[in-house]
Amino acid sequence: MKPYYITTAIDYTNAAPHIGHAYEKVLADVMARFQRLNGREVYFLTGVDQHGQKVQKKAQEAGKEPQQFVDEITAHFTALWEKLGVKYDSFALTTAPPHKRVVQAILTRLHEAGQLYKASRRGHYSVRQEQFLTDKERGEDGKFGDEWGEVIELEESNWYFKLSEHVDWLKGYIRSHPDFIFPAHRAHDVINALEGSGGIDLCISRPKERLTWGIPLPFDPDFVNYVWFDALVNYISYAGYLADECGNTGLPDFKTLWPANAHVIGKDILSPPHAIYWPTMLHAMGFSDADIPRLVVHGWWNVKGSKMSKSLGNVIDPNVLADTFTPDGLRFYLMKDIATGYDADFSDERLLMAYNKELGGGLGNLLNRSLNMANRYRNGVVKIGGHDDDICVSLRETVIEAYTAYPEKMESWAIHEGIEEAWKIVTAANGFIEQTQPFKLAKDESQAARLDAVLHHLAESLAHVSVLLDPVMPVMCGRIREQLGWALPDSFKLTDLRWGLLPDGHQLGLGTPLFPRVEVASEEGAGAKARP
RNA sequence: GCUCCUGUAGCUCAAUGGUUAGAGCAGGGCACUCAUAAUGCCUUGGUUGUCGGUUCGAGUCCGGCCGGGAGCACCA
């Protein structure tokens with residue numbers, strides 16, 4: 001089976017990352033880890049988009065060279081991924097020479113194939129903002145607002161990609177490939193956008209007088225390549241496309257890696273860039289239908305019902321949350337409280353609840369009480385096979401049902417349902433303790449065998465939980481296993497899960513609270529700590 | 001303006017056209033003591049936005065209205 005190739009959007013390096021960036025990368029990371037755990041080779045690519053007008057402007061304002069400016073912002077991103085445990089195989093930088101060479105090679109090929117042409121168009125241009133304006137920039141009265149300053153009509157030459165030649169193919173492709181976009185309902189919007197269009201091509205250049213911070217067009221030095229074309233190509237340039245021709249080394253073998261199994265993106269960049277520009281670009285480059293990648297479109301985290309935006313001042317900083325609730329605590333919340341593809345509401349209160357009640361009270365406390373009793377009554381030694389009863393059978397069935405249902409849920413991006421499956425074990429095990437009351441069994445010598453069985457069932461159940469939740473909480477699940485005195489065997493796969501991970505006579509470790517309770521001072525929930 | 005999605009418990013969401021619309025969390029009560037003031041059991045809570053239609057039967061299908069959201073190709 002070919003490697004599972006997963007990418008994320010590459011983030012625009014004009015500001016520091018917020019919770020939305022973090023969500024997307026964690027989502028992709030969880031899927032990558034799940035696939036690995038499922039025994040599949042994985043190539044996980046993320047990165048940053050460092051080109052573009054905004055970057056050039058911001059760098060100027062900061063009095064810095066663009067490269068220095070983007071390097072600094074990029075460091076914020078990579079530091080956050082390090083902190084959150086986002087473990088990628090490669091990190092795309094659009095200013096990196098190997099990437100630039102591939103972009104130029106593609107442009108050359110398309111140019112030679114007659115897919116690009118130069119044309120002149122008139123438009124409204126804001127002198128102050130140094131950009132062309134579209135009808136969307138018009139106010140209610142149909143005029144351009146004061147924020148644009150002086151607006152003049154200007155004619156400008158640019159290079160265009162003959163996107164319109166591929167639209168009919170794209171419509172057919174989308175209709176005949178319901179898997180192309182997940183969730184499927186978003187394909188409607190794309191088809192709709194295509195229907196309403198009138199053969200407009202894609203502008204892929206900016207004159208050098210206006211924008212220098214970009215990749216020069218190899219066939220016309222007066223222009224640089226503009227944004228989407230350059231950015232989208234990262235998905236193939238970093239996968240080894242045209243590596244030989246461009247003299248790029250150290251990259252994967254493109255033929256075995258492509259197509260991407262998942263381009264994980266936000267709904268804001270589905271149409272037009274990923275659903276229209278990207279497949280038509282690939283098609284123009286000669287990619288077949290079988291080599292069109294799949295799009296996984298996630299929703300947004302709103303804040304109290306409204307969009308997160310700098311102007312509203314409600315931007316959530318993932319760094320602070322990870323400090324308060326641990327990186328894995330944040331990952332857990334981000335994966336559990338949203339259904340992939342849909343929006344969710346970010347809530348300090350729910351995050352606090354997820355951490356304290358579910359992770360602390362549910363999972364952490366289960367581990368702690370189980371280990372405490374095992375150590376107190378049996379010096380942490382697991383003894384198997386001396387006793388069995390219906391209550392034990394029932395717990396075993398829950399575990400088996402959970403790890404049976406789990407892979408399907410995860411495979412179909414229903415991460416929150418995968419977590420739910422694992423959580424059935426946590427809930428059942430806590431109930432199991434109430435039913436069996438090992439602390440009472442310990443007082444009765446005649447119940448010794450039953451106590452052994454109970455303690456064994458708890459430890460074994462926790463070992464399973466530590467595997468199932470590993471993609472979501474890699475650090476904490478590692479700690480669970482440490483406390484259990486158990487490590488994942490080499491090349492352990494999900495399909496290796498079975499009742500009986502812990503051997504007879506296994507020595508458990510000592511328990512320490514995994515998720516120490518987070519106390520909040522005010523009634524504003526976690527806000528007090530999360531946003532000082 | 002055009003197109004599409006959506007409206008179910010305080011919150012997040014389930015319910016192939018088929019019993020009395022369910023779960024988790026939050027709220028309330030009780031129990032327990034191994035544990036991180038944890039856990040378990042019980043429980044409150046609904047005119048499924050609204051008006052009509054189709055049907056033996058509608059949360060589900062159709063239409064109107066009201067509310068929420070999204071998309072509509074040089075905008076990253």
Side-chain angles (χ1 to χ4, degrees), chain A residues 9-12 14 49 51-55 119 121 123 131-137 156 158-161 163-164 167 183 185-206 226-232 267-273 275-277 280 299-300 302 305 307 336-339 342-345 347 349-350 353-354 356-377 416-417 420 423 427 429-442 454-455 458 511-518:
Chain A
I10 51 175
D11 298 312
Y12 204 55
N14 64 340
D49 181 6
H51 281 133
Q53 187 122 35
K54 281 183 188 168
V55 168
R121 292 201 184 153
Q131 71 177 75
F132 275 85
L133 305 177
T134 68
D135 286 345
K136 284 201 175 171
E137 264 86 43
E156 185 173 284
N158 268 307
W159 283 89
Y160 290 82
F161 162 53
L163 191 155
S164 53
V167 165
H185 70 263
R186 296 213 180 267
H188 291 301
D189 290 342
V190 177
I191 292 278
N192 188 241
L194 288 168
E195 291 296 343
S197 70
I200 298 169
D201 289 327
L202 174 64
C203 182
I204 59 154
S205 74
R206 284 292 180 271
Y226 187 56
V227 184
W228 277 115
F229 205 94
D230 163 17
L232 290 163
K267 62 179 185 176
D268 52 325
I269 53 171
L270 171 64
S271 178
I276 299 177
Y277 301 162
T280 52
W300 281 352
N302 298 318
K307 277 186 197 173
K336 184 197 155 289
D337 238 28
I338 194 168
Y342 299 87
D343 290 354
D345 208 54
S347 154
E349 218 172 288
R350 288 184 70 87
M353 214 64 82
N356 275 344
K357 294 284 182 179
E358 299 184 42
L359 290 177
L363 175 58
N365 186 51
L366 172 67
L367 176 70
N368 202 237
R369 65 199 301 213
S370 300
L371 288 177
N372 187 61
M373 288 189 284
N375 280 298
R376 181 180 299 192
Y377 307 139
H416 65 301
E417 292 182 6
E420 203 175 293
W423 221 258
T427 304
N430 270 319
F432 177 80
I433 295 179
E434 300 304 317
Q435 279 184 285
T436 56
Q437 303 199 304
F439 41 89
K440 282 188 181 159
L441 299 177
V454 168
L455 296 174
L458 288 171
T512 41
L514 266 185
F515 302 98
R517 197 178 165 79
V518 171

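All chains are named by letter (A, B, ...) in the order of the sequence lines, taking the proteins before the strands, and each is independently numbered beginning at 1.
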Legend entry - Phosphate OP1/OP2 of rC5(B): any Tyr342(A) side-chain N/O under 4.0 Å: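 So the side-chain polar atoms of Tyr342(A) never come under 4.0 Å of the phosphate oxygens OP1 or OP2 of rC5(B).
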
Legend entry - Distance, nearest 0.5 Å, that separates OG of Ser164(A) from CG of Leu194(A): 11.5 Å

Legend entry - d(CG, Asn430(A); P, rU33(B)) in whole Å: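 Distance, rounded to whole Å: 16 Å.
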
Inset, instruction - Please determine if Lys267(A) and Asp343(A) form a salt bridge, counting it only when a charged side-chain N lies under 4.0 Å from a carboxylate O. - result: yes

Inset, instruction - Give, for atom CG of Leu202(A) and atom CZ of Phe229(A), the distance between the pair rounded to the nearest 0.5 Å. - result: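 It comes to 8.0 Å.
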
Inset, instruction - Please confirm whether any donor atom in the side chain of Asn365(A) sits under 3.5 Å from an acceptor in the base of rA35(B), or the reverse. - result: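 Side chain to base: pair present.
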
Legend entry - Any Tyr226(A) side-chain N or O less than 4.0 Å from OP1/OP2 of rC75(B): yes

Legend entry - Gly431(A) vs Ala344(A), nearer the 5' end of RNA chain B by closest nucleotide: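 Closer to the 5' end of RNA chain B: Ala344(A).
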
Inset, instruction - Ignoring backbone atoms, establish whether Lys267(A) has a side-chain N or O less than 4.0 Å from OP1 or OP2 of rA70(B). - result: no

Legend entry - Phosphate-side-chain proximity, Arg517(A) and rA38(B), N/O vs OP1/OP2 below 4.0 Å: yes

Legend entry - Side chain of Asn372(A) - closest among rA76(B), rG24(B), rC34(B): rC34(B)

Inset, instruction - On RNA chain B, check which nucleotide each of His416(A) and Pro516(A) is closest to and give me the residue with the more 5' one. - result: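 Final value for this comparison: His416(A).
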
Inset, instruction - Could you check which of rC34(B), rC74(B), rA26(B) has an atom nearest any side-chain atom of Arg121(A)? - result: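 For the Arg121(A) side chain, the nearest candidate turns out to be rC74(B).
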
Legend entry - Side-chain N,O (Arg376(A)) to OP1/OP2 (rA35(B)) below 4.0 Å: yes

Legend entry - Nearest listed nucleotide, side chain of Lys357(A), among rC34(B), rA26(B), rU36(B):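 Selected nucleotide (nearest to the side chain): rA26(B).
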
Inset, instruction - Can you tell me the pairing partner of rC2(B) across any strand shown, Watson-Crick or G-U wobble, with both distances under 3.5 angstrom? - result: rG71(B)

Inset, instruction - Using a 4.0 Å heavy-atom cut-off across all strands, classify Tyr160(A) as base, sugar-phosphate, or nothing. - result: base

